[in-house]
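As structure tokens, the structure follows; a few thoughts come after it.
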Amino acid sequence: MARVSQEHLDARRRQILDGAARCFARNGFHATSMQDILGEAGLSAGAVYRYFRSKEELIAAIADEAFAGIRGAFEEAARTTPPPTPDVLLGRVLRRMLEEQVPGGDRQAFARLIVQVWTETLRNEQLAATLDEGYGGMRLVWAKLVDVYRANGLMGTDVPADHVARTLIATAQGFIAQQALFGNVEVGVLEDGLRALMSMGDRPMGEPSTGDTGETKES
């Protein structure tokens, strides 16, 4: 019997995960059966069960991939000197998630899948542990980025690094929730909003921005 290459095995696993992700995004975890996944992936039961023994294992694998991708993007940014500002960094990470790695190109469906993963952690202890580990890892990476920002004179030292990390993660989570609930939310909207908020400390309070068109009255 001919030996199956690692490339073939990896491609088959990818085929199964993409098919499962499309099913979960379309119908939800609980309304999706393994038979649905077999049909979506176009594979036999034996081929799928060789890689994943249950729907729960598929859900966990999809969650692991999502966290690995996000953490990898943050770690890559941390190696850049100086690192990209938060608006640029979050935009880069979210584009990778919602534009480059979305099966079928449906960003809203993929965002809904992520929200479903969050919800499933309330009843699935294994998935909850995966989420907790991923969240803890992202907090550590972001805290390291804060240290790099400070070393480059881009951020003050009056706020704990972990507080900054939690806030930026919450910003990304909020954007994903908006995409899931309402759709058609462009990443550029988040980048613009963050850039505007970051600029608030650049001028004295009460001073009009360069974008203001109104004229002030002379006394």
Side-chain angles (χ1 to χ4, degrees), residues 14 21 62-115 117-118 130-205 207-212:
R14 178 80 269 147
I62 290 170
D64 281 338
E65 280 197 346
F67 285 124
I70 297 170
R71 184 170 181 173
F74 287 153
E75 290 175 338
E76 179 181 346
R79 292 191 291 268
T80 305
T81 305
T85 53
D87 57 319
V88 174
L89 178 56
L90 281 177
R92 182 181 301 171
V93 172
L94 288 167
R95 281 193 176 89
R96 177 180 295 186
M97 287 179 60
L98 298 175
E99 296 179 5
E100 298 176 10
Q101 297 183 348
V102 177
D106 191 336
R107 291 180 294 173
Q108 185 177 20
F110 187 68
R112 287 175 175 170
L113 177 63
I114 295 174
V115 171
V117 170
W118 295 341
T130 298
L131 180 67
D132 186 65
E133 180 180 356
Y135 178 62
M138 284 189 287
R139 282 172 55 192
L140 288 174
V141 171
W142 259 114
K144 290 179 181 178
L145 273 173
V146 171
D147 291 338
V148 178
Y149 287 147
R150 289 171 174 169
N152 285 271
L154 300 174
M155 184 178 290
T157 60
D158 55 326
V159 176
D162 185 59
H163 292 191
V164 179
R166 286 172 178 263
T167 300
L168 290 169
I169 293 171
T171 301
Q173 290 173 321
F175 179 87
I176 292 169
Q178 284 192 10
Q179 186 70 258
L181 293 171
F182 310 116
N184 300 319
V185 184
E186 297 298 329
V187 174
V189 171
L190 176 71
E191 291 174 314
D192 288 346
L194 281 174
R195 188 160 51 250
L197 291 170
M198 290 160 53
S199 71
M200 289 178 66
D202 294 343
R203 59 179 184 275
M205 291 183 64
E207 180 180 327
S209 69
T210 56
D212 290 341

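- Closest non-hydrogen pair, M198 versus P86, comes out as CE-CD, 4.0 Å.
- Rounding to the nearest 0.5 Å gives a distance of 6.0 Å between CG of L145 and CG of L89.
- With sequence neighbours excluded, the residues satisfying side chain to side chain contact (heavy atoms under 4.5 Å, CB included) with D64 are T130.
- Among pairs with a residue in residues 164-182, those fulfilling side chain to side chain donor-acceptor pair (under 3.5 Å) read D162-R166, at least two apart in sequence or across chains.
- Among all heavy-atom pairs drawn from L90 and A172, the shortest one is CD2-CB, 4.0 Å.
- Atom CZ of residue R95 and atom CG of residue L190 lie 9.5 Å apart, to the nearest 0.5 angstrom.
- The OG1 atom of T85 sits 9.0 Å away from the CG atom of L194 when rounded to the nearest 0.5 Å.
- Side-chain atoms of R112 never come within 3.5 Å of backbone atoms of L181 as a donor-acceptor pair (strictly under, hydrogens ignored).
- A salt bridge is defined here as a Lys NZ or Arg NE, NH1 or NH2 lying under 4.0 Å from an Asp or Glu carboxylate O, and E191 with R92 fails to meet this definition.
- Between A143 and A165, the closest heavy-atom pair is N-CB, 4.0 Å.
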**Message:** Working note: I176 + L94, criterion side-chain contact (heavy atoms from CB on, under 4.5 Å); need CA distance, chi angles, decisive distance, verdict.
**Reply:** CA-CA 8 Å; I176 292 169; L94 288 167; 4.0 Å; yes
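- Residues V185 and R107 share a closest heavy-atom pair of O-NH1, 4.3 Å.
- With respect to D147 and K144, no salt bridge is recorded, no charged nitrogen being found less than 4.0 Å from a carboxylate O.
- Applying the ring-ring contact (aromatic ring centres under 6.0 Å, His included) definition to pairs two or more places apart or across chains, those involving residues 137-166 are F74-W142.
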